[in-house]
Each structure stands twice: as C-alpha cells, then as structure tokens.
Amino acid sequence: MEFSSDSVSIDMETISLGGKEYLVKTRLGTVSVVVFGDQDKPALVTYPDLALNHISCFQGLFFSPEASSLLLHNFCIYHISPPGHELGAAPIVADDFSPSVDDLADQIVEVLNFFGLGAVMCMGVTAGAYILTLFAMKYRQRVLGLILVSPLCRAPSWTEWLLNKVMSNFLYFYGMCGMAKELLLKRYFSKEVRGSVLVPESDIVQACRRLLDERQSINVCRFLDAMNERPDLSEGLRKLYCRSLIFVVENSPFHSEALHMTSKLDRRYSALVEVQACGSMVTEEQPHAMLIPIEYFLMGYGLYRPTLSISPRSPLSPSCISPELLSPESMGLKLKPIRTRISL
C-alpha cells in the first residue's frame, strides 16, 4: 500500500514480529511506526512508556489470544515508538534538536496524516499516556477515545524530578548500566514480580531487562528530559470530551498521579479501573485485567468481540471479575468506577 503526504515519507519497511515497520520522516526526524492488521479498519494508536517500545510495553496485551480476538478484530494497530526507541535504533546525534512533549504530540499528527488517518483510538502507558493526553487536548477532532494506563497529567513533583535527574545522569555518563535498569524496572513492575534475594525475577522482568540492554541511553535521556520539563495538564482535562478509560494501578509509583487525573476528567466521559497487586505496566504484568474493561468500553463505540469462548479457569472468567463490571450500566453503557483483580 502506498501513501502520500506533504510532510512525511517512508524510508523503508521491515517485518517486526508479524507487523510492518514504517520509518516515517517528520519535521522532528524519523519515527518508527509498526503496523499490525488491516489498514481499512479503524485505527488504534499506541505510545509506550520511557525506554520502551511496542515489544517491551504492549506485547503481553496484544499477543494474547483474547486481546487478538477483541482488538485486532476491530482495529488496525499503529505502534508509535518515541524517537530512537525502536529496535536497532542508532544513537541520536547530541547536537540534534531535543524535542519537548509538545513536539512529540505534534509528531503524532504528522504520522496520522501520513497514513491518511482521521480520528483514532489511543492507548498509552505512563509517559506515553501523557503524550497521548496532550495530543488529545491539542487535536480534539483526531481522537475518538483514550485508554490510559498509569497516566501522568501534572508537572513532575520535586521527588520525581530529582529521581529523573539521577536516572538521566546515570544514562548519560554510564549508559544503560545496572542502576539505570533497576530504576526503570521499579518504575514498570511491582515488587512481587521483580523478585528478591529468595525469589527470582519473573520471566517478564528478565525479558524487559534484556530489551533495555538494546536501548541507546542518549535516546532515552532525550525522552526523559522532555518528560521532566512537562507542563501541568490538569486545568484542561475538564474540557476533554472524548471518552476515557483510566487504569489506576495499586503498586505503581504513579498511583496518586493517576487518581488526580481521574478527579479532573469529566465523569460523564471517563471511567476508572483500579488494578490491584500490580505495577505500572499492566499491559505486561497483568494484561488479562485489561480485557473485560476494554471490551465494555468499546461497546460504547459499537465494537464487539467476534466470539467469546473462555475457559472457566481463565482470568476472563466471570468469577474473577467484580460483579458490578458485568452489570448493564458498566463501561460503554454508563461509565463508572470499577475494580478488577487477577488472582496471583
């Protein structure tokens, strides 16, 4: 399929775990977009957290059979990587322009224009959730809905700002060293899966640790520095009228930030899902906790799973889901706060 645009163009296409990668030129440089599915379907755009890409941030969710039957049946997935976060990325030249969060949000518009997309559904995790929220506030006609995991909306607190500065210094002077990786893994995962002296790390943490080794530290620094200078979006959230589904995570270091964001959104258009016993990255640690809420959320858009066949022991079994989630007034029909928990 060929596309045309005045502002962007394809440099190359490669196959990435079944998806097709487009390296798209934008005003701020090249950005990697990995596309899964039929491009005639509605678009779902994803944006990962700091130092991650679609493989390390969304693979657990999108590669599960239940998610495939729900999301890939209804959408074509466009995984946007932050600049320099894609597989095999080269270090960005230090003298190049360092983008702000506004620049990153504007870059998404260029990507949508390149693919000829109108209004899209958006899914983001933490830093990625902030970028997509900012994008939705700046370009309201381009966003159908937001699915946000452990989102941020305020400027960094002094504690977060200082921690980010420490991490940035480690990355700049020592590269993706052991301390930098530990700080990132604490950002993503709960203590239970990170392990301890007596308990080994889980497979998902080990896999993420290996993928972090492939990141170019200078590229991560640029995204981290942009997020550390981010403005507060709180006052504009009340005017955000697209429907929003917010996953607030019990053991996330950004738990209070996500609750604050939920309190600022118009309750007529937003729903809160609290995921317990999990770190920030629900998409990898407890992806099944997201599926039923997303399914009910998408019903509000007339989108459904083609067939629902789950085993009694699956995390999608009704016995594992709060009864109020299954009520007629739950998300997609009448949005309201719910809780969901996956048995460990």
Side-chain angles (χ1 to χ4, degrees), residues 42-47 61 70-71 74-75 101 105 108-109 112 117-126 128-155 230-250 252 254-276 280 282-283 289-305 321-341:
L44 170 61
V45 169
T46 75
Y47 211 100
L61 176 65
L70 173 62
L71 297 173
N74 289 296
F75 295 103
V101 289
I108 295 174
V109 177
L112 299 192
L117 302 175
V120 299
M121 187 71 68
C122 296
M123 178 186 294
V125 178
T126 311
Y130 179 94
I131 299 297
L132 290 176
T133 302
L134 179 58
F135 167 67
M137 293 173 67
K138 296 182 71 171
Y139 304 95
R140 296 177 187 177
Q141 300 303 314
R142 307 300 293 269
V143 178
L144 290 173
L146 291 168
I147 301 172
L148 306 177
V149 181
S150 304
L152 306 171
C153 73
R154 289 187 287 195
R230 68 184 187 267
D232 192 332
L233 305 180
S234 300
E235 292 306 312
L237 291 176
R238 188 68 65 180
K239 299 178 182 178
L240 192 61
Y241 297 131
C242 68
R243 188 173 293 176
S244 304
L245 176 61
I246 314 294
F247 288 89
V248 179
V249 190
E250 181 181 39
S252 167
F254 306 108
H255 180 266
S256 62
E257 294 295 317
L259 288 177
H260 170 80
M261 181 173 184
T262 305
S263 71
K264 295 297 182 180
L265 288 166
D266 191 322
R267 292 177 181 269
R268 294 175 297 171
Y269 306 110
S270 62
L272 161 68
V273 179
E274 184 173 348
V275 183
Q276 300 176 344
S280 296
V282 188
T283 50
M290 299 180 64
L291 292 176
I292 290 294
I294 289 175
E295 183 167 8
Y296 274 79
F297 180 71
L298 295 180
M299 284 181 183
Y301 298 89
L303 302 174
Y304 298 89
R305 183 191 302 271
I321 305 297
S322 170
E324 74 172 318
L325 175 59
L326 303 175
S327 70
E329 293 185 349
S330 93
M331 285 181 302
L333 304 176
K334 181 178 180 182
L335 301 179
K336 66 180 189 177
I338 60 174
R339 287 173 178 259
T340 179
R341 178 168 187 152

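In this structure, I108 and Y139 have side chains that are not in contact, with every pair of non-hydrogen atoms separated by 4.5 Å or more. Counting heavy atoms from C-beta on, the side chains of V249 and F254 never come closer than 4.5 Å. No side-chain heavy atom of V275 sits under 4.5 Å from any side-chain heavy atom of V149. Here the side chains of M137 and L237 are in contact, with some heavy-atom distance below 4.5 Å. At least one side-chain heavy atom of F135 sits under 4.5 Å from a side-chain heavy atom of L112. Residues R230 and L134 form no side-chain contact, since every pair of their non-hydrogen atoms from C-beta on lies 4.5 Å or further apart. Taking 4.5 Å as the limit, every side-chain heavy atom of D266 sits out of range of all side-chain heavy atoms of L240. Under the 4.5 Å side-chain criterion, counting only non-hydrogen atoms from C-beta, L233 is in contact with Y130.
Separation of atoms CD1 (I294) and CG (L61) is listed at 5.5 Å; rounding is to 0.5 Å. A distance of 5.5 Å separates OH in Y47 from CD1 in I131, rounded to the nearest 0.5 Å. Remark: F297 CZ to L146 CG distance equals 7.5 Å, nearest 0.5 Å. In this structure, M123 CE and L245 CG are separated by 8.5 Å, a value rounded to the nearest 0.5 Å. Separating the CE atom in M261 from the CD1 atom in I246 is a distance of 4.5 Å, to the nearest 0.5 Å. For the atom pair CG (L291) and CG (L71), the distance works out to 7.0 Å, reported to the nearest 0.5 Å.
A donor-acceptor pair is defined here as one N or O able to donate and one able to accept, closer than 3.5 Å; such a pair exists between the side chain of Y301 and the backbone of L144. For the pair N74 (side chain) and Y304 (backbone), a donor-acceptor distance under 3.5 Å is present. Side-chain N or O atoms of R238 include one that pairs as donor or acceptor with a backbone N or O of L265 at under 3.5 Å. Checking side-chain atoms of R142 against main-chain N and O of G118 turns up a donor-acceptor pair under 3.5 Å.
For S234, the side-chain contact (heavy atoms from CB on, under 4.5 Å) partners two or more places apart in sequence, or in a different chain, are C153, R154, D232, H260, K264.
Inspection of the S270 and S244 side chains reveals no N or O donor paired with an N or O acceptor under 3.5 Å.
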